[in-house]
Amino acid sequence: MVPRRALSALVLALAAQTAPAQPLVGWTRTPTIGVVANGDDPRIALVDEAVRFWNDTLAGLGSGFRLGPVTRVDQPVPEGDLDSLSHAALGAYGQHGIRVPESLRRGPGDLTVYLAHTEFVSFAGPFEEGRRVVGIRGQQFPPLTLPNVARNVIAHEIGHAIGLGHNVDPTLLMCGRPAPCRPAAFRSKQARMFPLSEEEKRQLLLMYPPDWKPR
């Protein structure tokens, strides 16, 4: 039985933002992926796995878009700035005008994933032209302590960073607020990604059709 407080954390961690007021915009170039982590963080491998998942999904749909190569950087993670940006992104998901702290503007990729050690709501955003940030809460905080959950949280947030919003089906990867999603349902002894909806596949092809080419 998961305590009520832990359940609240589970909900927040995957449903990190409200549904966007406007459709998100896709990439116009092949984004490089940077991963910033302290030391030998096991979640680095989960970022690689999430990038493969999205590229395999895009290939299976016939899209011309792919996420670019992953670069790993071992350096201090700007925990306080991630916490501040998490709160800002929570209130304005998918919208422009959020001030990104300077420390997060110097990431090693067009899309930079920060693997933190502190407790904040995992997030993706803001969605600036040519640069996006993903922040993942510390692995010692629920729900990342549950088996199979961290890989889905990371894939979920990267899904936002390539242009998808939330859906309302708790059995799908991109479920999020205001739907009653339960990331604890991703708990599994078997490593697996939750699926996308048919509508999300359609959205991906609209953003990234077969003839998509970087501008």
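Treat the numbers as computed from the prediction; the structure is a model and nothing was measured.
- The backbone N or O of Gly107 sits less than 3.5 Å from a side-chain atom of Arg131, completing a donor-acceptor pair.
- Residues Gly130 and Asp110 approach most closely at O-CB, 3.8 Å, considering heavy atoms.
- Taking the side chain as every heavy atom from C-beta outward, Ile154 and Arg43 approach each other to under 4.5 Å.
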Candidate pair Leu67 and Ile158, rule side-chain contact (heavy atoms from CB on, under 4.5 Å), full reasoning = CA-CA 10 Å; Leu67 293 169; Ile158 292 177; 4.1 Å; yes
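- Annotation: the span from Thr57 atom OG1 to Arg66 atom CZ amounts to 10.0 Å, rounded to 0.5 Å.
- For the atom pair CG (Leu104) and CG (Asp81), the distance works out to 5.5 Å, reported to the nearest 0.5 Å.
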Indicate every side-chain donor-acceptor pair of residues 207-215 with a distance under 3.5 Å to a residue at least two apart or in another chain.
| unit_1 | atom_1 | unit_2 | atom_2 | d |
| --- | --- | --- | --- | --- |
| Tyr208 | OH | Trp27 | N | 2.9 |
| Tyr208 | OH | Ile162 | O | 2.6 |
| Trp212 | NE1 | Trp27 | O | 3.3 |

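- Between Val153 and Pro143, the closest heavy-atom pair is CG2-CG, 4.5 Å.
- Here Arg151 contributes atom CZ and Arg192 contributes atom CZ; the two are 11.0 Å apart, rounded to the nearest 0.5 Å.
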request  = Starting from the C-alpha separation in whole Å, work towards a yes-or-no answer on side-chain contact (heavy atoms from CB on, under 4.5 Å) for Ile44 and Leu115.
outcome  = CA-CA 8 Å; Ile44 294 172; Leu115 302 177; 3.9 Å; yes
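- With a 4.5 Å cut-off on side-chain heavy atoms, Leu172 and Pro195 count as touching.
- Scanning both residues, Ala150 and Leu144, for their nearest heavy atoms gives CA-CD2, 3.7 Å.
- The nearest pair of heavy atoms linking Gly34 to Pro108 is CA-CG, 3.8 Å.
- The CG atom of Asn148 sits 8.5 Å away from the CE atom of Met193 when rounded to the nearest 0.5 Å.
- In this structure, CG on Leu61 lies 12.0 Å from CD on Gln203, to the nearest 0.5 angstrom.
- Side chain of Asn38 to backbone of Gln75: a donor-acceptor contact under 3.5 angstrom is found.
- Side-chain contact between Ile136 and Val113 is present, with heavy atoms from C-beta onward closer than 4.5 Å.
- Formation of a donor-acceptor pair under 3.5 Å by the Thr30 side chain with backbone atoms of Gly68 is not found in this model.
- With Asn152 contributing its side chain and Phe194 its backbone, the two residues share a donor-acceptor pair below 3.5 Å.
- Here the side chains of Leu82 and Thr118 are not in contact, with every heavy-atom distance at 4.5 Å or above.
- The two atoms that bring Trp54 and Ala155 nearest to each other are NE1-O, 3.0 Å, heavy atoms only.
- Proximity of His156 to His166: side-chain heavy atoms (C-beta onward) are separated by under 4.5 Å at one or more points.
- Listed here is the closest heavy atom pair of Ser122 and Arg137: OG-N, 3.2 Å.
- Counting heavy atoms from C-beta on, the side chains of His160 and Val134 never come closer than 4.5 Å.
- For the salt bridge (Lys or Arg N to Asp or Glu O under 4.0 Å) test, no residue two or more places apart in sequence or in another chain qualifies with Arg106.
- Here the side chain of His117 pairs no donor or acceptor atom with the backbone of Gly138 at under 3.5 angstrom.
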message = Using the rule given for side-chain contact (heavy atoms from CB on, under 4.5 Å), can you reason through Asp48 versus Arg72, listing the C-alpha separation, both sets of side-chain angles and the distance that settles it, and then say yes or no?
response = CA-CA 10 Å; Asp48 289 335; Arg72 303 170 186 81; 2.3 Å; yes
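- Note: Phe123 CZ to His87 NE2 = 11.0 Å, rounded to the nearest 0.5 Å.
- Between the side chain of Ser63 and the backbone N or O of Leu205 there is no donor-acceptor pair closer than 3.5 Å.
- Defined by atom type and a distance below 3.5 Å, a donor-acceptor pair is missing between the side-chain atoms of Asn167 and Glu199.
- Ion pair Glu49/Arg52 not flagged as a salt bridge, since none of the NZ, NE, NH1 or NH2 atoms sits closer than 4.0 Å to an Asp/Glu carboxylate oxygen.
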